[in-house]
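One structure below.
Computation of the quantities below employed the complete heavy-atom set of this structure, encompassing side-chain atoms and omitting hydrogens, waters and symmetry-equivalent molecules. Just so we're on the same page: letters track the sequence lines, and every chain starts at 1.
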Protein chains: 2
Amino acid sequence: MGKESDTRERLIRAAMNLFHARGYNAVGVNEICEAANVKKGSLYHFFAGKRDLALAAIDAQWEFFRDELLEPAFATDLPPLERIRRFFIMTCAYHDSARNENGQIKGCPFGNLAMELSANDEGLRVELEKIFGRIGGYLEKALAEYSPGHDARTGAEQLLAYHQGTVLLAKTHNDQQLIEAMAGSAVELARLTATATT
Amino acid sequence: MGKESDTRERLIRAAMNLFHARGYNAVGVNEICEAANVKKGSLYHFFAGKRDLALAAIDAQWEFFRDELLEPAFATDLPPLERIRRFFIMTCAYHDSARNENGQIKGCPFGNLAMELSANDEGLRVELEKIFGRIGGYLEKALAEYSPGHDARTGAEQLLAYHQGTVLLAKTHNDQQLIEAMAGSAVELARLTATATT
DNA sequence: GTGGAACTTGACCGCTCGGTTAACTTTGGT
DNA sequence: ACCAAAGTTAACCGAGCGGTCAAGTTCCAC
């Protein structure tokens, strides 16, 4: 019966959750192993080290983020700009439901790691850069559909920055409502750049 | 002759620079002591611990940020919205000149720490929240001058989010030019919210 | 059934972490 | 000149870090 070991998956899931909740350097491999109910030797059987596990965790986080947030938010049942609004609203809802044990908002899993690790690990920096590029792709597609022929790429980068900044502020204030409150201005920002002269 | 020991100040300066360059958890007290040319015992003579030193470093960073960036950027020699543009441009120039040894952009000293520590240390979270509030105050003042009677507070929060997100993206792409490129849209965002109906 | 790879386990490694201690030197008030 | 307080120094913690290893167990192809 295809009951292959799920050790590897448990490790990735535990690492994903712990890194998101508390950051890379604040979480030790022992803690990850305990959370995954896996002995440390097994971790080093499947992964070259903590950093390698982090790469796998980032990948898993991306798949989760794409399937649970990006794809639903940018589904084409709504007009383009309303998808962007929905992206912000769903981000707010997620952060509300996925708080830490201490009641603290976690923030963007990619933004958190990008801030903590970009200056220390070029490889991880590039990996997170790629993920931001993919998120930007969703925004760009919506903008292009809203205003064909315009420079959707730049507008997407602006909206991505606005989204990241909003989540960072929400985390710092520990108030996810801030994200939803910014949804309207995000849409206006999108409309503005899509109709700019340049 | 008033040659009081500057040990304490050297520690704060070293901690400020190292925490900004590589983050809180990635930097050890030994490294800080070496950089400050101070023995560890002296650190614990002046500070209760690493966290306490971090608080002092955040305070020093704030004074630097205020004097070198905020005050010059928001000087009233320019009209309100142009001060906001100058804030972005000066942020870009700063990040260009203050790169790490490895050529990597450091990012916002407060945003970095807020992302890394907000979920782990409520006290530090509140401290960084206060600093964001002060930065927002500068933006709010400019917005209020541009459009008296409007809700400058909300607009300031939006611009602060946009600024933080821009710096995060610049750090992740390791390209400070992105910040300057966003200056124009920041001004448009400011104009937009200052003339909104609500 | 047997052999070999995949996987698991727990003991163990060197190292660095944040922090402590006690003895010493300097400093400033009286 | 004296003394206490302030500051400095180097040796020293226990703990936890990321990582290793060799012996065991499970699993599957043949």
Side-chain angles (χ1 to χ4, degrees), chain A residues 1-58 60 101 113 116-117 119-124 127, chain B residues 1-58 60 112-113 116-117 119-124 127:
Chain A
M1 315 282 264
K3 189 69 179 306
E4 306 118 18
S5 161
D6 61 344
T7 305
R8 200 187 134 94
E9 273 64 37
R10 288 208 312 279
L11 280 167
I12 291 177
R13 201 180 305 270
M16 184 179 102
N17 291 330
L18 284 168
F19 287 152
H20 186 196
R22 311 222 315 277
Y24 180 81
N25 284 305
V27 173
V29 292
N30 285 301
E31 190 177 358
I32 295 173
C33 289
E34 278 170 29
N37 208 24
V38 162
K39 297 301 180 296
K40 193 157 36 168
S42 291
L43 190 159
Y44 286 92
H45 173 73
F46 288 107
F47 301 97
K50 188 189 183 185
R51 199 196 95 114
D52 193 47
L53 174 57
L55 275 170
I58 290 172
E101 325 76 49
L113 293 177
E116 182 179 2
L117 303 171
N120 301 322
D121 188 315
E122 175 72 5
L124 287 174
E127 199 61 30
Chain B
M1 312 285 262
K3 188 71 178 303
E4 307 118 16
S5 162
D6 60 345
T7 305
R8 200 185 135 94
E9 274 63 37
R10 288 208 312 279
L11 280 167
I12 292 176
R13 201 181 307 270
M16 183 181 103
N17 291 330
L18 283 167
F19 287 151
H20 186 196
R22 310 222 316 278
Y24 180 80
N25 284 304
V27 174
V29 292
N30 285 302
E31 191 177 357
I32 296 172
C33 289
E34 278 171 30
N37 208 22
V38 163
K39 297 302 179 296
K40 191 154 42 165
S42 291
L43 190 160
Y44 286 91
H45 172 73
F46 288 108
F47 301 97
K50 187 188 182 186
R51 200 196 93 114
D52 193 48
L53 173 57
L55 276 170
I58 290 172
N112 290 352
L113 293 177
E116 183 179 1
L117 302 171
N120 302 322
D121 188 315
E122 175 72 5
L124 287 174
E127 199 61 30

Here the residues of residues 37-52 of chain A within 4.0 Å heavy-atom distance, strictly under, of DNA chain C are A:K39, A:G41, A:S42, A:H45, A:F46
Distance in angstrom units between B:D6 CG and D:dG7 C1', rounded:
13 Å
To the nearest angstrom, how far is B:R8 atom CZ from D:dA6 atom P?
14 Å
Rounding to an integer number of Å, can you tell me how far B:I32 CD1 sits from C:dT16 P?
17 Å
According to a strict under-4.0 Å criterion, is B:N30 in side-chain N/O contact with OP1 or OP2 of C:dT16?
no
For the pair B:F47 and B:I12, evaluate side-chain contact (heavy atoms from CB on, under 4.5 Å) and give the outcome as yes or no after the intermediate values.
CA-CA 10 Å; B:F47 301 97; B:I12 292 176; 3.6 Å; yes
From B:I58 atom CD1 to B:L117 atom CG, the distance as rounded to the nearest 0.5 Å:
7.0 Å
Check this for me: B:R10, atom CZ, are more than 12 non-hydrogen atoms of other residues, nucleotides or ligands nearer than 6.0 Å?
yes
Between atom CG in A:L18 and atom P in D:dC17, what is the gap in whole Å?
12 Å
Does B:V38 reach the side chain of B:I32, with side-chain heavy atoms less than 4.5 Å apart?
no
Do A:L124 and A:L113 have side-chain heavy atoms sitting under 4.5 Å apart?
no
Please report the distance, rounded to the nearest Å, between CG in B:N25 and P in C:dT16.
18 Å
Looking at B:T7, I'd like to know whether one of its side-chain N or O atoms comes within less than 4.0 Å of OP1 or OP2 on D:dG7.
no
If you round to the nearest 0.5 Å, how far is CZ of B:F19 from CD of B:E116?
9.0 Å
